[in-house]
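The next block holds one structure in the form of structure tokens; read it before the comments.
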Amino acid sequence: MILYRAALAAALVLVGAAPTMAQTGQAMAQTCYVCHGPGVKGAGQIVGLVGLPKDHLVRQMADFKADKRPGTIMNRIAKGYTDEQLALIAEYLAALKK
Amino acid sequence: MRTTRRRFLKSAAASGAAVSLLGAPAIAQGVAGKVVVVGGGFGGATAAKYLKLANAKLDVTLIERDDRYITCPFSNYVLGGFRKIEENVQTFDALTKLGVKVTKGEAAGIDAPGRLLRLSGGSRITYDKLVVSPGVELNYKGVPGYDESLAEKLPHAWKAGPQTTLLRSQLEAMPDGGTFIMVAPPNPFRCPPGPYERVSTIAWYFKNHKPKSKILILDAKDAFSKQSLFQGAWESEYPGMITWIAGKDGGKVESVDAASMTVKSGFGAEKGTVINVIPPQTAGRIAIDGGLTDDRGWCAVDPQTFASRKAEHVYVIGDASIAGAMPKSGTAANVQGKVAAAAIVAALDGKAATAPALLNICYSLVTPDYGISTTDVYQVTADRGIIATPNAGGVSPRAPTAMGERKLEAEYTRAWYQAITADTWG
Ligand SMILES: Cc1cc2nc3c(=O)[nH]c(=O)nc-3n(C[C@H](O)[C@H](O)[C@H](O)COP(=O)(O)OP(=O)(O)OC[C@H]3O[C@@H](n4cnc5c(N)ncnc54)[C@H](O)[C@@H]3O)c2cc1C
């Protein structure tokens with residue numbers, strides 16, 4: 001127990017000292033689940049994204065971001081990410097299993 | 001913190017030999033760590049699930065006072081008469097199947113230095129990390145003349161369940177030509193668009209069944225969420241039915257009198273046939289009693305991890321937390337639950353937390369076929385905490401295009417409910 005506490009304390013120090021890290025593709029992609037369903041399997045009228053290749057996802061998000069593809073909400077959401085972040089999200093989603 | 005511990009020890013001693021200790025420290029059991037989650041709502045259930053998904057070896061216990069959870073989202077549709085309350089029921093079966101120890105009980109106190117959660121009845125449970133997601137506490141006394149017992153006559157319906165069905169039955173019993181008065185709460189409160197969606201769905205019911213009826217909103221605030229969208233929709237869908245009185249125009253309520261069904265404000269003394277009082281709010285009681293709140297009753301957290309600023313090894317998510325630009329919504333609670341879960345898994349592994357990913361969406365229905373939304377993606381800044389990412393997010397277009405956005409967004413509102421409930425309890 002004491003050892004364990006000590007290890008945790010050390011970890012906390014590390015956390016405090018670490019520079020702010022980037023958002024992972026996983027963390028960002030998991031926020032999409034609130035509409036596209038867990039594992040982006042789809043929900044009701046909102047389409048699933050599982051099984052779509054990375055390039056396709058990147059292109060759709062870029063088109064939403066640039067208002068080249070119309071949407072009710074994805075344009076507003078896609079604009080919240082840099083191109084690098086969108087690539088990370090797409091990479092994570094494209095690797096999900098059906 | 002000292003006082004908390006002393007108070008805790010005193011009450012533990014008071015309950016004497018009956019005190020049992022649920023579970024031993026995690027390390028002794030050879031598991032990856034022991035996490036206790038208080039509250040099985042949008043925040044707590046998501047945190048418990050994502051902790052288990054990230055590391056199945058974690059010992060995760062969910063403490064919830066009720067056997068099942070009834071969602072506030074979509075309870076306004078019960079009031080509008082186009083949904084049954086039973087459809088809002090979520091169970092903890094899937095969480096149990098995943099290995100979460102779902103435990104019925106009332107969290108009553110936190111001994112942060114001792115890493116102990118005290119349950120009412122005297123038992124205690126140890127933790128390595130504690131997640132607190134208790135939702136809100138209603139401050140009944142914040143509306144003069146109102147109190148908890150009067151909620152049986154003037155329902156708040158701000159926690160879904162019997163309060164929702166009580167308000168619905170009052171609306172059903174109301175004669176055509178009656179007046180529905182809503183006392184709307186000051187900021188900050190659970191679900192910023194909620195009162196205005198509620199007025200809309202009740203107007204839908206009146207329009208179809210009691211068209212001579214009127215709706216009066218007496219508001220403590222001068223502005224509200226999706227205001228121009230709501231007001232535009234009220235003009236087109238329910239012309240002349242809804243009057244909204246801003247705080248600056250006398251909308252702030254001075255008192256309610258249940259006997260004469262009268263609400264007094266700077267606007268005058270108004271008689272209502274049905275009165276819905278939504279009181280001011282704070283973080284849930286356990287957050288206050290556990291010493292996690294500031295002087296205004298909410299929980300300050302590290303925006304990177306949702307770790308409490310008041311107690312080590314404790315995380316506060318959902319309505320109870322102060323999350324900068326994020327509203328108090330089910331979506332926000334779900335997303336914050338994932339952030340806290342990831343931060344806890346990293347900390348127990350001795351690793352630094354990665355940056356949080358934060359997003360919100362609040363859909364509202366004005367009629368069953370008329371949906372509007374507000375959404376944002378967030379980032380954490382050193383000086384201003386959580387802010388909405390600039391040049392993104394925002395509300396549905398004021399003037400819908402040929403796409404038929406309102407009808408589509410009504411469909412997507414229902415899809416969101418399916419998605420988020422599956423993501424949280426499924
Ligand atoms: C009318 C209405 C409509 C809404 N519509 C929407 C919507 O469309 N979209 C949206 O995103 N949000 C909506 N919301 C907001 C949403 O309901 C809340 O933001 C959300 O529930 C917050 O989640 P939480 O985990 O913080 O708290 P809750 O979901 O309230 O969960 C708290 C849980 O903890 C339990 N609990 C509390 N204290 C204890 C204790 N001491 N011991 C044991 N258990 C305890 C409670 O029983 C409860 O189950 C709406 C709210 C209302 C009132």
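Letters A, B, ... mirror the listed sequences (proteins, then strands); counts begin at 1. Reckoned from all heavy atoms, side chains included, excluding hydrogens, waters and symmetry mates.
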Student check: side-chain heavy atoms of Tyr315(B) and Thr305(B) closer than 4.5 Å: yes

Close side-chain approach of Arg115(B) and Thr126(B), heavy atoms under 4.5 Å: no

Under 3.5 Å donor-acceptor, Asp376(B) side chain and Asn360(B) backbone: no

With respect to chain A, which residue among [options] yields the maximal number of heavy-atom pairs within a distance under 4.5 Å?
options	answer
Asn334(B), Thr421(B), Val395(B)	Val395(B)
Ile361(B), Thr375(B), Leu408(B), Thr424(B)	Thr375(B)
Pro397(B), Ala382(B), Pro390(B), Ser396(B)	Ser396(B)

What part of [X] lies closer than 4.5 angstrom to a heavy atom of chain A: side chain, backbone, both or neither?
X	result
Thr413(B)	neither
Tyr50(B)	side chain
Asn391(B)	backbone
Ala422(B)	both

Parallel, tilted or perpendicular, as decided by the 30° and 60° cut-offs, for the rings of Trp425(B) and Phe42(B): perpendicular

Interface residues of residues 38-46 of chain A facing chain B - non-hydrogen atoms under 4.5 Å apart: Pro38(A), Ala43(A), Gly44(A), Gln45(A), Ile46(A)

Pair Tyr77(B) and Phe82(B), ring centroids less than 6.0 Å apart: yes

Between Asn75(A), Ile77(A), Ile73(A), the one whose heavy-atom pairs under 4.5 Å with chain B are most numerous: Ile73(A)

Minimum-distance pair of heavy atoms, taken over all atoms of Thr374(B) and Ser225(B): CG2-OG, 4.4 Å

Intermediate values then yes/no, side chain to side chain contact (heavy atoms under 4.5 Å, CB included), Gln30(A) and Asp423(B): CA-CA 10 Å; Gln30(A) 284 178 344; Asp423(B) 190 35; over 6 Å; no

Sole candidate of Val131(B), Ile125(B), Leu130(B) that passes side-chain contact (heavy atoms from CB on, under 4.5 Å) when paired with Tyr127(B): Leu130(B)

Ser373(B) versus Tyr412(B), side-chain donor and acceptor atoms under 3.5 Å: no

Carboxylate-amine/guanidinium proximity below 4.0 Å for Arg76(A) and Glu409(B): yes

